[in-house]
Amino acid sequence: MQLSKLKTKMRGTATDSLLLTFVKVVSAALGLLTSKVLSTQFTLQENGTYSQAMLLVSTVTSISILGLSDAVNYFYNAADDDETKQRNIATVFGIQYFIGILSGLLICAFSVPITAYYFKNDDLYKIIFFAAWMPVFNNLLPMLQVLFISIGKAKVIAVRNFIVSVMRLAAVAI
């Protein structure tokens, strides 16, 4: 009886893994298509400004995640009862909100030196306040993804990732 349940669970896990892999490949392809559309529609100056904003976003995102997506998986699955799981997850997400907001405020506070002295691009100043808040959202999405996978909702994440990728491409195309 136990062997049958284990085989069923393994099949479900394998199916979820394949689905997530497929959606990741499709999302990557849509990301490349989005980049192609942006590069053909933007002027050289606009494309450079966009690239500088994305460089800032990706750098701050990488620094401010602090391994918290792994912490979601560890602390959720390490807890024995639902109350402890909820407390652990609330703490991890609370830390990320704090770090993300602090990062956004720092980018806003140092927007002039970043745009005028580091990148030497005045056009970047027009979008830096939007870019300042992207890292917190870029960090929350993978944390939520790990949490959904931990609670057995991989299909929800796969569908969400696919929809987000399609919507991003549509927004760029429009």
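Count residues from 1 along the sequence.
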Undergrad: Determine whether L105 and W133 satisfy the following criterion, side chain to side chain contact (heavy atoms under 4.5 Å, CB included), listing intermediate values before the conclusion.
TA: CA-CA 8 Å; L105 291 173; W133 302 106; 3.9 Å; yes
Undergrad: Sort out for me which residue in N139, T59, L106, N138 forms a side chain to side chain contact (heavy atoms under 4.5 Å, CB included) with S64.
TA: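 The passing option is N139.
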Undergrad: Should the heavy atoms of other residues, nucleotides or ligands under 6.0 Å from CG of D81 be counted, would the total exceed 12?
TA: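 Check passes, neighbour count above 12.
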Undergrad: If you count the non-hydrogen atoms of other residues, nucleotides and ligands that lie under 6.0 Å from CD in Q86, is the total more than 12?
TA: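 Count not over threshold, so no.
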Undergrad: If you group Ile, Leu, Val, Met, Phe, Trp and Tyr by side-chain heavy-atom gaps below 4.5 Å, do M143 and V146 land in one group?
TA: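 Looking at the clustering, V146 is in the same group as M143.
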Undergrad: Nearest 0.5 angstrom please: L56 CG to M134 CE, how far?
TA: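 The distance works out to 10.0 Å.
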Undergrad: Between CD1 of I63 and CD1 of I65, what distance do you get to the nearest 0.5 Å?
TA: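 I63 atom CD1 to I65 atom CD1 measures 12.5 Å (nearest 0.5 Å).
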Undergrad: Got more than 12 heavy atoms from elsewhere within 6.0 Å of CZ, F98?
TA: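 No, CZ of F98 has 12 or fewer neighbouring heavy atoms, counting only those of other groups under 6.0 Å.
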Undergrad: Mind checking whether L141 and I99 sit in one hydrophobic cluster, side chains of I, L, V, M, F, W, Y counted as touching below 4.5 Å?
TA: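 No: no chain of side-chain contacts under 4.5 Å links L141 to I99.
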Undergrad: Rounded to the nearest 0.5 Å, how far does CG of L169 lie from NZ of K36?
TA: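 Interatomic distance, K36 NZ to L169 CG, rounded to 0.5 Å: 13.5 Å.
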Undergrad: Applying salt bridge (Lys or Arg N to Asp or Glu O under 4.0 Å), can you list everything that pairs with D123, at least two apart in sequence or on another chain?
TA: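 For D123, the residues satisfying salt bridge (Lys or Arg N to Asp or Glu O under 4.0 Å) (neighbours in sequence not counted) are K126.
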Undergrad: Is there a path of hydrophobic side-chain contacts, each under 4.5 Å between heavy atoms, that joins V136 and F93?
TA: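 Per the 4.5 Å side-chain linkage, V136 and F93 are co-clustered.
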Undergrad: With no hydrogens and no angle check, is any side-chain donor or acceptor of N88 less than 3.5 Å from a backbone partner on F75?
TA: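 Pair found, side chain donor or acceptor close to backbone of F75.
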Undergrad: Within a 6.0 Å radius of atom CZ on R160, are there more than 12 heavy atoms belonging to other residues, nucleotides or ligands?
TA: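 Buried by this count: over 12 neighbours within 6.0 Å.
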Undergrad: Run the ring-ring contact (aromatic ring centres under 6.0 Å, His included) test against Y125 and tell me which residues pass, sequence neighbours left out.
TA: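 Partners of Y125 under the ring-ring contact (aromatic ring centres under 6.0 Å, His included) test: F129.
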Undergrad: Which ILVMFWY residues can you reach from V159 by hopping between side chains whose heavy atoms are under 4.5 Å apart?
TA: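 The other cluster members (ILVMFWY side chains, heavy atoms under 4.5 Å, direct or chained) are I163, M167.
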Undergrad: Let me confirm one number: the OG-OH distance from S69 to Y74, rounded to the nearest 0.5 Å.
TA: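 These two atoms lie 15.5 Å from each other.
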Undergrad: What is the distance from atom CD1 of I127 to atom CE of M54, rounded to the nearest 0.5 Å?
TA: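 These two atoms lie 7.0 Å from each other.
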Undergrad: Is the backbone N or O of T43 less than 3.5 Å from a side-chain atom of N47, with the two atoms forming a donor-acceptor pair by type?
TA: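 No; judged by distance alone, with no hydrogens or angles, the pair does not exist.
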Undergrad: For the pair Q145 and N161, evaluate side chain to side chain contact (heavy atoms under 4.5 Å, CB included) and give the outcome as yes or no after the intermediate values.
TA: CA-CA 9 Å; Q145 183 168 320; N161 287 352; 3.1 Å; yes
Undergrad: Taking the six-membered ring of F148 (Phe, Tyr or Trp), confirm whether the NZ or CZ of K153 is under 6.0 Å from its centre and within 45° of its axis.
TA: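 Cation-pi check for K153 and F148: fails.
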Undergrad: How far apart are the C-alpha atoms of Q96 and L140, what are their side-chain angles, what is the distance that settles it, and do they pass the side chain to side chain contact (heavy atoms under 4.5 Å, CB included) test?
TA: CA-CA 8 Å; Q96 181 52 51; L140 287 174; 3.9 Å; yes
Undergrad: Membership question, hydrophobic clusters at under 4.5 Å side-chain separation (ILVMFWY): are Y50 and L124 in the same one?
TA: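 Looking at the clustering, Y50 is in a separate group from L124.
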Undergrad: Please assess V72 against L68 for the test side chain to side chain contact (heavy atoms under 4.5 Å, CB included), listing each intermediate value before the final yes or no.
TA: CA-CA 6 Å; V72 167; L68 292 174; 5.7 Å; no
Undergrad: Same cluster or not: L55 versus V60, using hydrophobic residues (I, L, V, M, F, W, Y) connected whenever any side-chain heavy atoms lie under 4.5 Å apart?
TA: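 Both belong to a single hydrophobic cluster.
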Undergrad: Are there over 12 heavy-atom neighbours, none belonging to L32, within less than 6.0 Å of that residue's CG?
TA: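 Above 12, so yes.
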Undergrad: Considering non-hydrogen atoms only, spot the tightest contact between A131 and V57 and give its length.
TA: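 Here A131 and V57 meet closest at O-CG2, 3.5 Å.
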Undergrad: Please answer whether the main-chain N or O of C108 pairs with a side-chain N or O of S111 as donor and acceptor at a distance below 3.5 Å.
TA: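 It does hold such a pair.
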Undergrad: Measuring from atom CD1 of I151 to atom NZ of K85, what distance do you get when rounded to the nearest 0.5 angstrom?
TA: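 The NZ atom of K85 is 10.0 Å from CD1 of I151, to the nearest 0.5 Å.
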